[in-house]
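The structure under discussion appears below in the form of structure tokens.
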Amino acid sequence: MTRRILWLNPVMNSAYDIPIGDSLRAEAREDTRLDVASLNGRGPVHLEYNAYELMVAEPSLRTVLWAEQQDYNAMVIGCFYDPFVRAAKEVTSRMPVTAPAEACIRTAQSVGERFSVLVGRAKWIPEMEENIHRYGAERSLASFRELGMGVNDFQTDPAFTERRILEEAHAAVEQDRADAVILGCTIEFGFYRALQAELGVPVIDATVAPLRYAEFLADTAALQGWTVSGQLGYQSPAVDEYAPFLSPLEPHLAKDPR
């Protein structure tokens, strides 16, 4: 089956849309078609602060509604904080939605006993710890390791980024006894294969893991009918209740050229 997946960079900045799209299409299954989107308008270009998350919440949820309306088979909200994922699952009825932390943590727990997460700055750790608890992975966490870099620093000097990741990943494995390493930011894309070969343990990329997870969720929704349950926490509000103030919104879109 051919599956259409939408990756949303939930920021008002399209600079990474094409690079992430190119990187992920090289990793995707042959029958996956991946479009990459970002939000229109003027606003945050990264989500390192909770205040910035709040500013992009509405257009992000409206993009989720648009994506389901456009018959995407799955969607990724591309930030390791996993913003708005619960809300997205509330307002969709057919389309699976996932995000990097969810996918990376599930994957790391499947391939190792203990994982470390490499974060850009210490500022990120408290919110990422909340995700660790949300996904029930406290016993699997070996450590957080800080790179001393902001979101916009990772692709500025790739050689420096790779060196810093390698240093902290070695420390995670040798000192913290992690047997898997998670790259805890989507803009750390493009490094995991070389790092994995050097370290000898799985290095979970924060773009590739949610892509693979989205492919899996799209397939199980189509073939097994396994979609989000609306019986408890993901119960959907009535469409006629939210429609007056939460309508589908087309994002800035970089389409799969195939």
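On a predicted model such as this, the values are computed, not experimentally measured, just so you know.
Here the closest heavy-atom approach between residue Met75 and residue Val64 is recorded as CE-CG2, 3.7 Å. Closest approach of Asp17 to Asn9, counting heavy atoms only: OD1-ND2, 2.8 Å. The shortest heavy-atom contact between Ile5 and Glu215 is CD1-CG, 3.6 Å. Scanning all heavy atoms of the two residues, the minimum distance from Met12 to Pro59 falls at CE-CG, 4.2 Å. Shortest non-hydrogen contact noted between Leu199 and Ala169 is CD1-CB, 3.4 Å. Heavy atoms only, all atoms of each residue included: Asp205 and Pro210 are closest at O-CD, 4.0 Å.
Proximity of a side-chain donor or acceptor of Glu68 to a complementary backbone N or O of Thr92 within less than 3.5 Å is not detected. A donor-acceptor contact shorter than 3.5 Å is absent between the side chain of Gln109 and the backbone of Ala137. Of the possible polar contacts, none joining the Asp256 side chain to the Asp35 backbone as a donor-acceptor pair under 3.5 Å is found. In this structure, Arg193 contributes its side chain and Gly190 its backbone to no donor-acceptor pair below 3.5 Å. Side-chain atoms of Arg258 come within 3.5 Å of backbone N or O of Thr32 as a donor-acceptor pair. The backbone N or O of Gly112 sits nowhere less than 3.5 Å from a side-chain atom of Asp179 that would complete a donor-acceptor pair.
Counting heavy atoms from C-beta outward, Val208 and Leu24 have side chains that approach closer than 4.5 Å. Annotation: side chain of Pro83 is in contact with side chain of Ile77 (closest heavy-atom distance under 4.5 Å). The closest side-chain heavy-atom distance from Cys104 to Phe115 is not below 4.5 Å. Side-chain contact between Tyr242 and Leu61: absent, with no pair of heavy atoms (C-beta onward) separated by less than 4.5 Å. Residues Pro257 and Arg25 have side chains in contact (heavy-atom distance under 4.5 Å, counting atoms from C-beta outward). Side-chain contact between Glu53 and Cys79 is absent, with no heavy atoms from C-beta onward closer than 4.5 Å. Looking at Glu138 and Glu129, their side chains never come closer than 4.5 Å, going by heavy atoms from C-beta outward. Inter-residue side-chain proximity for Val11 and Tyr16 is flagged as unmet; no heavy-atom pair is nearer than 4.5 Å.
For CZ of Arg29, the number of neighbouring non-hydrogen atoms (other residues, nucleotides, ligands) closer than 6.0 Å is greater than 12. Other residues, nucleotides and ligands contribute only 12 or fewer heavy atoms inside 6.0 Å of the CZ atom of Arg139. Within a 6.0 Å radius of NZ in Lys123, more than 12 heavy atoms belonging to other residues, nucleotides or ligands are found. The local environment of CD in Glu174 is crowded, with over 12 non-hydrogen atoms from other residues, nucleotides or ligands closer than 6.0 Å. Residue Glu113 places its CD atom among 12 or fewer non-hydrogen atoms of other residues, nucleotides or ligands, all under 6.0 Å distant. Counting non-hydrogen atoms of other residues, nucleotides and ligands closer than 6.0 Å to CG of Leu54 gives a total above 12.
Partners of Thr98 according to the side-chain hydrogen bond (donor to acceptor under 3.5 Å, both in side chains) rule, which considers only residues two or more places apart in sequence or in another chain, are Glu102. In this view, Arg86 satisfies the side-chain hydrogen bond (donor to acceptor under 3.5 Å, both in side chains) rule with no residue, not counting sequence neighbours. Shown here are the ring-ring contact (aromatic ring centres under 6.0 Å, His included) partners of Tyr49, two or more places apart in sequence or in another chain: Tyr52. When the side-chain hydrogen bond (donor to acceptor under 3.5 Å, both in side chains) test is applied to Ser143, the partners found at least two apart in sequence or on another chain are Ser116, Asp176. Residues forming a side-chain hydrogen bond (donor to acceptor under 3.5 Å, both in side chains) with Asn152 (at least two apart in sequence, or on another chain): none.
Distance check: Ser247 OG to Glu58 CD gives 8.0 Å after rounding to the nearest 0.5 Å. Remark: Asp153 CG to Thr161 OG1 distance equals 7.5 Å, nearest 0.5 Å. Within the model, atoms CG of Asn73 and CG of Leu6 stand 11.5 Å from one another, a figure rounded to the nearest 0.5 Å. Between the OG1 atom in Thr107 and the CD1 atom in Ile182 there is a gap of 8.0 Å [rounded to 0.5 Å]. Taken from CE in Met149 to CZ in Arg121, the straight-line distance is 12.0 Å, to the nearest 0.5 Å. Atom CG of Leu195 and atom CG of Leu166 lie 6.0 Å apart (nearest 0.5 Å).
Each of Val85 and Val76 belongs to its own hydrophobic cluster when Ile, Leu, Val, Met, Phe, Trp and Tyr are linked at side-chain heavy-atom distances under 4.5 angstrom. Val239 and Val97 end up in the same hydrophobic cluster when Ile, Leu, Val, Met, Phe, Trp and Tyr side chains are linked at under 4.5 Å. In the hydrophobic clustering of this structure, Met128 groups with Phe189; members are Ile, Leu, Val, Met, Phe, Trp, Tyr whose side-chain heavy atoms approach within less than 4.5 Å, directly or through other members. The cluster map of Ile, Leu, Val, Met, Phe, Trp and Tyr, joined by side-chain heavy atoms under 4.5 Å apart, puts Phe84 and Tyr135 in different clusters. Two different hydrophobic clusters hold Val36 and Leu253 under the rule that ILVMFWY side chains link at heavy-atom gaps under 4.5 Å.
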Give the C-alpha distance, both sets of side-chain angles, the deciding distance and a yes or no for side-chain contact (heavy atoms from CB on, under 4.5 Å) between Glu162 and Glu198. CA-CA 11 Å; Glu162 185 170 337; Glu198 169 76 16; over 6 Å; no
Run the salt bridge (charged side-chain N to carboxylate O under 4.0 Å, His left out) test on Arg134 and Glu130 for me, step by step, so that the C-alpha distance in whole Å, both residues' side-chain angles and the decisive distance to 0.1 Å come before the verdict. CA-CA 6 Å; Arg134 179 191 303 174; Glu130 291 177 8; 5.7 Å; no
I'd like to know whether Asn13 forms a side-chain contact (heavy atoms from CB on, under 4.5 Å) with Ser38, so could you lay out the CA-CA distance, the side-chain angles of the two residues, the decisive distance to 0.1 Å, and finally the verdict. CA-CA 6 Å; Asn13 177 20; Ser38 54; over 6 Å; no
Would Thr207 and Leu183 count as a side-chain contact (heavy atoms from CB on, under 4.5 Å) if you check the C-alpha gap in whole Å, the side-chain angles of each, and the deciding distance to 0.1 Å? CA-CA 9 Å; Thr207 62; Leu183 303 183; over 6 Å; no
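In summary, the side chains of Tyr192 and Glu27 do present a donor paired with an acceptor at a separation below 3.5 Å, with no hydrogens or angles considered.
Results of the side-chain contact (heavy atoms from CB on, under 4.5 Å) test with Thr63 over Pro251, Pro248, Pro10 single out Pro251 as the only residue that passes.
A salt bridge does not link Arg4 to Asp71: none of the charged side-chain nitrogens sits closer than 4.0 Å to a carboxylate oxygen.
Clustering of Ile, Leu, Val, Met, Phe, Trp and Tyr side chains at separations under 4.5 Å places Tyr234 together with Val228.
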